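These values consider heavy atoms only, across backbone and side chains, with no hydrogens, waters or symmetry-generated copies. Every value quoted in this text rests on a predicted model; they were computed, and no experiment measured them.
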Amino acid sequence: MLHFELVTPEKLVRSEDVYMVVVPGSEGDFGVLHGHAPVMSTVRDGALHIYRTEKGEPEMLPIKGGFAEVNERGLTVLAEQAG
């Protein structure tokens, strides 16, 4: 499972283990699974697609701007606004 955190300037919005997250990167959408190579990207306005299971329907969570970082601990999205 992928550890996923969503943070805004006001608070920690999410901290959970999920199957996959699709991030609206400024260079295009990208999916992050457990074990993804380290990467940093700016994030455009759009929606995170959060998959709790491999075959499940995604939860769509609107976000505005920010950054996404993938490292050995998982995926962290620092968004200007979420929800």
Side-chain angles (χ1 to χ4, degrees):
M1 295 297 280
L2 169 71
H3 186 69
F4 163 63
E5 291 190 344
L6 173 59
V7 182
T8 65
E10 294 81 32
K11 65 180 179 176
L12 174 64
V13 177
R14 295 274 178 100
S15 180
E16 59 189 327
D17 290 335
V18 298
Y19 175 71
M20 178 175 75
V21 178
V22 178
V23 179
S26 57
E27 300 293 319
D29 293 359
F30 62 96
V32 180
L33 294 159
H34 176 74
H36 193 286
V39 68
M40 282 197 76
S41 174
T42 53
V43 174
R44 70 181 186 331
D45 295 355
L48 295 169
H49 291 78
I50 304 163
Y51 293 82
R52 288 189 167 31
T53 63
E54 183 175 359
K55 298 192 190 303
E57 289 294 315
E59 173 188 357
M60 292 187 223
L61 185 62
I63 62 170
K64 290 194 178 191
F67 296 90
E69 178 183 11
V70 180
N71 59 33
E72 66 279 352
R73 293 183 306 276
L75 167 66
T76 301
V77 176
L78 306 167
E80 294 168 16
Q81 292 181 334

For residues [X] and [Y], determine if any side-chain heavy atom of one lies less than 4.5 Å from a side-chain heavy atom of the other.
{"X": "Tyr51", "Y": "Val18", "result": "no"}
{"X": "Gln81", "Y": "Pro9", "result": "no"}
{"X": "Arg44", "Y": "Asp29", "result": "yes"}
{"X": "Pro24", "Y": "Val43", "result": "yes"}
{"X": "Val23", "Y": "Leu75", "result": "yes"}

What closest approach, in Å, do [X] and [Y] show between heavy atoms, and which atom pair accounts for it?
{"X": "Leu2", "Y": "Val32", "answer": "CD2-O, 3.3 Å"}
{"X": "His36", "Y": "Gly31", "answer": "CD2-O, 3.5 Å"}
{"X": "Tyr19", "Y": "Met1", "answer": "N-CE, 3.7 Å"}
{"X": "Val70", "Y": "Ala37", "answer": "CG1-O, 3.7 Å"}

>> Salt bridge or not between Arg52 and Glu16? Use side-chain N to carboxylate O under 4.0 Å.
In response: yes

> Is Phe30 atom CZ crowded by more than 12 heavy atoms from other residues, nucleotides or ligands, each under 6.0 Å away?
Replying inline: yes

>> Is it the case that over 12 heavy atoms from other parts of the model lie below 6.0 angstrom from the NE2 atom of His34?
In response: no

> Which value, rounded to the nearest 0.5 Å, describes the distance between Leu48 atom CG and Leu6 atom CG?
Replying inline: 6.0 Å

>> So, taking the atom named OG1 in Thr42 and the one named CD in Glu27, what distance separates them when rounded to the nearest 0.5 Å?
In response: 6.5 Å

